[in-house]
Amino acid sequence: QVQLVESGGGLVQVGGSMRLSCAASGRTGNTYTKAWFRQAPGKEREFVAAISGSGTMTSYADSAKGRFTISRHNAENTMSLQMSSLKPEDTGVYFCAAKMSFYSGAVNDQSGYKFWGQGTQVTVSS
């Protein structure tokens, strides 16, 4: 089992920045591919970014490219999502997720992720 806990959400103004963190615990959590998904009110949950267990491979949704950076700090069992130039459409609940391998299915396919956090709310106000 891998337990994931997100933190760092809150309210931010348009154009601002925010850093989300995901703390992992449990067996082999550090070797798992991890990702961020988000769900806006009334919408389906969507992929944001993913990072391999080693941190050498990353993938971003088009909406996140150039604005968001995913990173992981295995020594501390954490993963982060640095978000900048935030827009109102970035508002939503952000979820941390984990799966065993970067190559086990598409990294943007949420059905491939076995472990999920409870989510943290991000609200971008104009």
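Start at 1 with the first residue, then count along the sequence. Heavy atoms only: backbone and side chains are in, while hydrogens, waters and symmetry mates are out.
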Report task. Mind checking ring-ring contact (aromatic ring centres under 6.0 Å, His included) for F47 and listing every partner two or more places apart, or none if nothing turns up? Result -> F37
Report task. Could you tell me whether the side chain of S80 and the main chain of Q82 form a donor-acceptor pair under 3.5 Å? Result -> no
**Report entry** Side-chain heavy atoms of V12 within contact of M83, under 4.5 Å
**Finding:** no
Query - ILVMFWY cluster, L4 and V122 together (side-chain gap under 4.5 Å) - result: no
Report summary line: Taken in chain and number order and not counting sequence neighbours, the residues that satisfy salt bridge (charged side-chain N to carboxylate O under 4.0 Å, His left out) with E46 are R38
Query raised in the report: Are V93 and W116 connected, step by step, through hydrophobic side chains (Ile, Leu, Val, Met, Phe, Trp, Tyr) whose heavy atoms are closer than 4.5 Å?
Result: yes
Query raised in the report: Does T91 use its side chain to pair, donor to acceptor, with the backbone of V124 at less than 3.5 Å?
Result: yes
Atom pairs and distances, side-chain donor-acceptor, residues 62-70, under 3.5 Å, sequence neighbours left out:
residue, atom, partner, partner atom, Å
D62, OD1, K65, NZ, 3.2
R67, NE, S63, O, 3.3
R67, NH1, S85, O, 3.0
R67, NH1, D90, OD2, 2.7
R67, NH2, S63, O, 2.7
R67, NH2, D90, OD1, 3.0
R67, NH2, D90, OD2, 3.4

Query raised in the report: How close do S104 and S101 get, heavy atom to heavy atom, and via which atoms?
Result: OG-O, 2.8 Å
Report task. Evaluate the side-chain proximity of N108 to S59: yes if any heavy-atom separation is below 4.5 Å, no if none is. Result -> no
Query raised in the report: So, the side chain of R72 versus the backbone of T33: is there a donor-acceptor pair under 3.5 Å, distance only?
Result: no
Report task. Please answer: with hydrophobic residues joined when any side-chain heavy atoms are less than 4.5 Å apart, are W36 and L86 in the same cluster? Result -> yes
Query raised in the report: Side chain of Q118, backbone of V5: donor and acceptor closer than 3.5 Å?
Result: no
Query raised in the report: In Å and rounded to the nearest 0.5 Å, what is the NZ to OG distance from K87 to S126?
Result: 14.0 Å
Requested in this report: Sorted by first residue and then second, give each salt bridge (charged side-chain N to carboxylate O under 4.0 Å, His left out) pair with at least one member in residues 93-120; sequence neighbours left out.
Outcome: none
Report summary line: In this structure, OG1 of T78 is separated from CG of L20 (nearest 0.5 Å) by 12.5 Å
Requested in this report: Indicate yes or no: at least one non-hydrogen side-chain atom of V107 is less than 4.5 angstrom from one of Y113.
Outcome: yes
Requested in this report: With sequence neighbours excluded, tell me which residues meet ring-ring contact (aromatic ring centres under 6.0 Å, His included) with F115.
Outcome: Y32
Requested in this report: Might you confirm whether atom CD of E44 has over 12 heavy atoms from other residues, nucleotides or ligands at distances under 6.0 Å?
Outcome: no
Query raised in the report: Is Q13 atom CD crowded by more than 12 heavy atoms from other residues, nucleotides or ligands, each under 6.0 Å away?
Result: no
Query raised in the report: Which pairs pass disulfide (SG to SG under 2.5 Å) with one or both residues in residues 82-120, sequence neighbours excluded?
Result: C22-C96
Query raised in the report: Any side-chain heavy atom of R19 within less than 4.5 Å of one from S71?
Result: yes
Requested in this report: List the steps, then state whether side-chain contact (heavy atoms from CB on, under 4.5 Å) holds for E6 with Y94.
Outcome: CA-CA 8 Å; E6 303 93 340; Y94 282 69; over 6 Å; no
